[in-house]
Amino acid sequence: MKRELLVVGPMYPPTLAALDATYATHKLWQAPDRDAFLASLADRIDAAATSGVHGMNAATMDKLPKLKIISHFGVGVDSIDVDAAKQRGITVTNTPEVLNADVADLAIALLLAAVRRIPMGDRYVRSGKWLKGPMPLSETLQGKTLGIVGLGRIGREIAKRAQSFGLKIAYQGRNRKSDVSWPYFADPVALAKEVDFIVASCPGGEATRGIISRAVIDALGPKGVFVNISRGSVADEAALVEALKEGRLGGAGLDVFVDEPRVPAALLELDNVVLQPHVGSATHPTRLAMGQLVVDNLAAYFAGQPLKTPY
Ligand code: DGY
């Protein structure tokens, strides 16, 4: 008989197909009455698969007293109350490493697109404006410094790529890293004063909420560009929108927003902003690899083996 698995939210279809093939899956997001659905499973569900914003809070964990593992599709676990899970003896696994390169690629793409105004150029050509004269010149990456907020696995991949584009690197984080010699700033405002561009590649959650504050945005200034491939919550979004509108911040490349998929209407009007629909890791090979980790962690749990990527 197949083991039972709670699937909390929509999943990359090949991963869901793999889970459906192995387990008797119970799809919470399709249930008309969520509480009744959870109550009907409470005495037998010990494993759950979550994804993206469809994580799990403490109240849901309390409805599943036998739960032992949450296998999350995504490296960021900010949609899961990890402390509550720990208190209840539930292990959370995530999908690190396999997405580093794709997310770092998107960060550099957004930086280039914002600084060299690639979407604006595209609109310029399509609208026929080029026939009337050349587009205004843009800024450059050359000779500039990129400040990385969060020099973790993805941040390091961004640094590697940025260096090959001729950028100098500085970084901010909770701790100075002993294996790099780039300038370190504990204070994000101090970092912003020293650099031309900032990319946020830190984890989301309470510890980093609003770390890209109004003061950071002001310190980056009218020639500065902010790129966010982390979580919308790391920026003071209202301050960001205001600064972009008023030209107090030069530009932004944003893959993530506070209330996805809703994006502040003011951003849609701005020419100095490049927008993406949270697609940092959204390539087929990477999503397949992430899904494989979800599957492998569950298989390890049910086999009584060590989990592959516990958070
Ligand atoms: C992640 O893995 O956390 C990405 O942001 C996709 O959700």
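Remember, it's 1-based here, ligands and their atoms both numbered in the order they're listed.
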State whether R161 and E157 are salt-bridged, where the test is any N-O pair (Lys NZ or Arg NE/NH1/NH2 against Asp/Glu carboxylate O) under 4.0 Å.
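Salt bridge flag = yes for E157 with R161.
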Over 60° means perpendicular and under 30° means parallel, so classify the ring planes of Y23 and F302, tilted if in between.
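Answer is tilted, since the angle falls between 30° and 60°.
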Should the ring pair Y171 and W182 be called parallel, tilted or perpendicular, given that the plane angle runs from 0 to 90° and is split at 30 and 60?
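Correct class here is perpendicular.
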For L249 and L220, what are the C-alpha separation, side-chain angles and deciding distance, and is it a side-chain contact (heavy atoms from CB on, under 4.5 Å)?
CA-CA 7 Å; L249 180 66; L220 202 51; 3.8 Å; yes
Hey, which atoms in ligand 1 end up nearer than 4.0 Å to a heavy atom of G74?
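Those atoms are 1 (C), 2 (O).
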Out of all atoms in ligand 1, which are within 4.0 Å of some heavy atom of M290? Include the element for each.
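So the answer, numbered in order with elements, is 2 (O).
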Does even one non-hydrogen atom of S281 get within less than 4.0 Å of ligand 1?
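Yes, that is the case, since the closest heavy atom of the residue is under 4.0 Å from the ligand.
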Nearest protein heavy-atom contact for [atom]: which residue, which atom, what distance?
atom	answer
atom 7 (O) of ligand 1	H278 NE2, 3.6 Å
atom 3 (O) of ligand 1	R231 NH2, 2.7 Å
atom 2 (O) of ligand 1	V75 N, 2.7 Å

Using a 4.0 Å heavy-atom cut-off, which part of L99 comes near ligand 1: side chain, backbone, both, or neither?
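The side chain, only.
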Taking side chain to side chain donor-acceptor pair (under 3.5 Å) as the criterion, tell me which of T93, D46, D296, T91 meets it with Y301.
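Checked T93, D46, D296, T91 against Y301; only one passes side chain to side chain donor-acceptor pair (under 3.5 Å): D46.
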Distance-only side-chain donor-acceptor flag, R287 / S281, under 3.5 Å
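Judged by distance alone, the side chains do pair up.
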Check: G76 N/O within less than 3.5 Å of ligand 1 N/O:
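In this structure, G76 places an N or O atom under 3.5 Å from an N or O of ligand 1.
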